[in-house]
Amino acid sequence: MIEIFVFGSNLSGRHGKGAALFARQYHGAIYGQGVGLQGNSYAIPTKDEKLNTLPLHTISKYVMEFLNFAEKNPNLKFIVTPIGCGLAGYVPEQIAPMFRNIPQNVELPEEFN
C-alpha cells in the first residue's frame with residue numbers, strides 16, 4: 001500500500017517550513033500547490049495565501065475534503081501529521097475533533113488520539 005504524507009500547508013503552496021518543507025523535500029509536494037494530492041503527499045491548508053492562520057471552520061472544510069478523498073482511495077494509506085498545531089498555532093484539542101469517523105486507511109498522529 002502506498003503511504004501518503006498528510007501535512008498542513010498554506011493556500012499559496014510555498015511549502016517553506018515545518019512539515020510542508022519536509023513534504024516538498026521527501027514526498028513530492030509541489031511548490032505553488034496548496035491543496036490536495038501531490039506526489040506522495042496531501043496538503044490540507046491551515047494558512048491563507050498571505051500566511052495568515054485560517055479560522056477553524058475553514059480548516060474543517062479542507063479536512064472534510066481530505067477525508068472524502070481518503071475514503072474514495074482505499075488503496076492509499078494516509079499518515080496525518082499534527083496539522084495546524086505548529087506554525088498555524090492551534091492545539092491538538094482544537095484540530096483533533098475534525099478527524100472523527102475517519103476511514104480505516106487514515107492514521108492519525110498520537111497528539112490527535
Side-chain angles (χ1 to χ4, degrees):
M1 186 173 282
I2 297 171
E3 290 190 353
I4 306 297
F5 182 81
V6 181
F7 66 100
S9 68
N10 57 71
L11 287 170
S12 64
R14 292 188 193 162
H15 309 323
K17 294 181 180 178
L21 177 60
F22 185 82
R24 184 167 57 104
Q25 292 173 330
Y26 301 104
H27 294 282
I30 300 166
Y31 195 85
Q33 183 178 333
V35 185
L37 186 68
Q38 39 197 298
N40 288 334
S41 66
Y42 188 102
I44 298 177
T46 58
K47 291 190 168 199
D48 67 15
E49 296 87 348
K50 296 181 180 180
L51 308 184
N52 297 308
T53 299
L54 292 170
L56 288 168
H57 70 273
T58 302
I59 295 171
S60 181
K61 291 177 186 176
Y62 286 113
V63 169
M64 290 301 298
E65 284 179 20
F66 159 69
L67 293 174
N68 288 331
F69 182 85
E71 189 170 354
K72 291 176 183 173
N73 290 277
N75 58 317
L76 301 175
K77 181 178 181 179
F78 297 90
I79 311 298
V80 179
T81 63
I83 69 149
C85 299
L87 299 171
Y90 290 113
V91 295
E93 293 78 15
Q94 293 172 291
I95 302 291
M98 298 177 193
F99 288 91
R100 289 194 182 121
N101 303 317
I102 60 170
Q104 289 186 341
N105 59 334
V106 174
E107 184 177 305
L108 297 178
E110 192 173 306
E111 296 92 329
F112 286 6
N113 293 324

Side chain to side chain, Ile83 and Thr46, heavy atoms closer than 4.5 Å: yes
Can you confirm whether or not the ring centre of Phe66 sits under 6.0 Å from the ring centre of Phe78? yes
Set out, in order, the CA-CA distance, both residues' side-chain angles and the distance that settles side chain to side chain contact (heavy atoms under 4.5 Å, CB included) for Val80 and Val106, then state yes or no. CA-CA 7 Å; Val80 179; Val106 174; 3.7 Å; yes
A side-chain contact here means heavy atoms from C-beta on lying under 4.5 Å apart; do Lys77 and Ile4 qualify? no
Would you mind reporting whether Asn40 and Tyr26 have side-chain heavy atoms less than 4.5 Å apart? no
Would you check if Phe112 and Cys85 make a side-chain contact, meaning some heavy-atom pair closer than 4.5 Å? yes
Is the distance between the ring centroids of Phe69 and Tyr42 under 6.0 Å? yes
Report the relative orientation of the aromatic rings in Phe7 and Phe5; use parallel for angles under 30°, tilted for 30 to 60°, perpendicular for over 60°. parallel
Determine the interplanar angle of the His15 and Tyr31 rings, folded into 0 to 90°, and report it as parallel if under 30°, tilted if 30 to 60°, perpendicular if over 60°. perpendicular
Measuring only between side-chain heavy atoms, which start at C-beta, is Thr58 closer than 4.5 Å to Asp48? no
Could I get the full list of side chain to side chain donor-acceptor pair (under 3.5 Å) partners for Arg14, not counting sequence neighbours? Ser12
Less than 4.5 Å apart, side chain to side chain, heavy atoms only: is that true for Val35 and Ser9? no
